[in-house]
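All remarks here apply to the structure that follows.
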Protein chains: 2
Amino acid sequence: MISIGELSKRTGVKIPTIRYYEQMGLLDVPERSEGNQRRYSRDGLRRLSFIRHSRDLGFSIEDIKELLELSQHPERPCRDAHGIASRHLSDIRERIAKLKRLQSELQRISNCEADSVAECAVIETLADHALCETEH
Amino acid sequence: MISIGELSKRTGVKIPTIRYYEQMGLLDVPERSEGNQRRYSRDGLRRLSFIRHSRDLGFSIEDIKELLELSQHPERPCRDAHGIASRHLSDIRERIAKLKRLQSELQRISNCEADSVAECAVIETLADHALCETEH
DNA sequence: TCTAATCCCTCTAGTAGCTATAGCTATAAG
DNA sequence: CTTATAGCTATAGCTACTAGAGGGATTAGA
């Protein structure tokens with residue numbers, strides 16, 4: 001049984017974040033020491049590693065709840081897990097596409113050789129939608 | 001002088017959002033009708049369009065405050081505006097890079113032909129960091 | 001065994017950029 | 001003049017944490 005500080009060190013998840021995950025129902029309520037401090041088992045460590053790893057991949061708390069639930073039922077078809085993953089993947093693809101559009105628009109307006117704000121393409125573009133090449 | 005609803009229609013910014021921008025100090029406190037309703041001038045419309053357009057490009061509220069300030073001083077060098085834009089641009093580039101890493105990792109683990117969760121690569125990867133090819 | 005250093009506890013509030021709701025009043029069209 | 005629509009304020013909620021206050025618990029060394 002390890003303390004929350006030890007768990008934090010081993011997983012790289014900050015202590016308040018661990019308590020937050022507990023509150024959100026991602027982590028089981030742990031046992032307590034006589035003095036009311038949290039004590040975690042090997043299983044708690046495994047579960048938090050799973051969560052950490054999922055968050056690193058950008059899954060939401062809600063998605064992780066489902067993934068954790070699935071991981072506890074090895075006999076279930078993995079279609080569900082793939083569904084969650086591919087939903088997340090298309091979300092990421094959309095975000096990339098959107099950011100790329102912003103990127104090219106910003107690059108375009110940053111090509112401005114003016115000296116003063118009066119003729120600056122950045123300010124002009126923001127002020128006047130008609131100067132914009134693409135819809136965003 | 002137009003109402004907040006009319007302003008909303010013309011700019012595509014929702015009414016609560018307009019009030020929020022006012023609270024955040026992006027929009028000047030507008031005049032009021034006898035019955036205490038907001039009334040906007042042509043200038044208010046221009047300013048909100050500027051804000052809308054900046055938000056569309058992903059600038060933060062704080063950045064927009066600075067850009068608005070700059071846009072009111074046409075004689076100032078536009079170096080400052082470019083500074084804000086290029087800071088934002090590199091932020092976007094970083095976000096794209098990070099999302100691309102997530103994308104390829106997710107694509108990799110989604111190539112799993114298993115039937116059940118027991119051998120599913122998605123779940124396995126999340127459970128065991130050692131299966132991961134890249135750091136994220 | 002005592003004490004000091006470190007660790008942990010709960011509770012509350014703050015972050016960004018809105019959005020939604022409740023309970024009320026103002027305005028405009030017929 | 002009535003009614004439908006529009007607007008008002010104030011407060012709370014969303015995501016995924018993070019920070020701080022004001023306390024108690026644990027542990028290592030003297």
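The figures that follow rest on heavy atoms only: side chains count, while hydrogens, waters and symmetry mates do not. Below, read A as the first sequence line, B as the second, and so on, with proteins coming before strands; counting in each chain starts at 1. In this text, all values refer to a predicted model and were calculated from it rather than measured experimentally.
For the pair A/Leu57 and B/Glu105, the tightest heavy-atom approach, listed with the atom from each and the gap, is CD2-CG, 3.5 Å.
Here A/Tyr21 pairs with nothing under the ring pair (Phe, Tyr, Trp, His ring centres under 6.0 Å) rule; sequence neighbours left out. Applying the side-chain contact (heavy atoms from CB on, under 4.5 Å) rule to B/Thr11 yields the partners B/Leu7, B/Val13, B/Leu45, B/Leu48, B/Ser49; only residues at least two apart in sequence or on another chain are considered. Taking A/Arg76 as the reference, nothing meets the side chain to side chain donor-acceptor pair (under 3.5 Å) condition, with sequence neighbours excluded. Residues that satisfy the side chain to side chain donor-acceptor pair (under 3.5 Å) test with A/Arg39, not counting sequence neighbours, are absent from this structure.
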Between side-chain atoms of residues 89-99 of chain B and protein atoms elsewhere (two or more places apart, or another chain), which donor-acceptor pairs fall under 3.5 Å?
unit_1: B/Ser90; atom_1: OG; unit_2: B/Ser86; atom_2: O; d: 3.1
unit_1: B/Ser90; atom_1: OG; unit_2: B/Arg87; atom_2: O; d: 3.1
unit_1: B/Asp91; atom_1: OD2; unit_2: B/Arg95; atom_2: NH1; d: 3.0

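For residues 56-104 of chain A, the set of pairs meeting the ring-ring contact (aromatic ring centres under 6.0 Å, His included) definition, not counting sequence neighbours, comprises A/Phe59-A/His88. Listed by first and then second residue, the salt bridge (Lys or Arg N to Asp or Glu O under 4.0 Å) pairs that reach into residues 10-35 of chain A are A/Glu6-A/Arg10, A/Glu22-A/Arg38, sequence neighbours excluded.
At a non-hydrogen distance threshold of 4.0 Å, B/Ser60, B/Ile61 from residues 60-69 of chain B come into contact with DNA chain C. Within residues 34-43 of chain A, the residues having any heavy atom under 4.0 Å from DNA chain C are, by residue number, A/Asn36, A/Gln37, A/Arg38. Residues from residues 80-97 of chain B placing a heavy atom under 4.0 Å of any atom in DNA chain C do not occur. Residues from residues 7-31 of chain B with heavy atoms under 4.0 angstrom of DNA chain D, sorted by number: B/Ile15, B/Arg19.
Side-chain contact between A/Thr125 and A/Val122 is absent, with no heavy atoms from C-beta onward closer than 4.5 Å. Between B/Ser3 and B/Gln37, every side-chain heavy-atom pair lies at or beyond the 4.5 Å cut-off. Contact check for A/Gln103 versus A/Lys100: side-chain heavy atoms found under the 4.5 Å cut-off. Inter-residue side-chain proximity for B/Ile123 and A/Phe50 is flagged as met; some heavy-atom pair is nearer than 4.5 Å.
Taking the 5' to 3' direction, DNA chain C first and last meets chain B under 4.0 angstrom from a heavy atom at C/dG17 to C/dT27.
Looking at B/Ser71, its side chain does come within 3.5 Å of a backbone N or O of B/Leu68 through a donor-acceptor pair. Proximity of a side-chain donor or acceptor of A/Arg47 to a complementary backbone N or O of A/Leu26 within less than 3.5 Å is detected.
Rounded to whole Å, the distance from CD on A/Glu6 to P on D/dT27 is 12 Å.
The environment of B/Glu113 atom CD is sparse: at most 12 non-hydrogen atoms of other residues, nucleotides or ligands sit within 6.0 angstrom.
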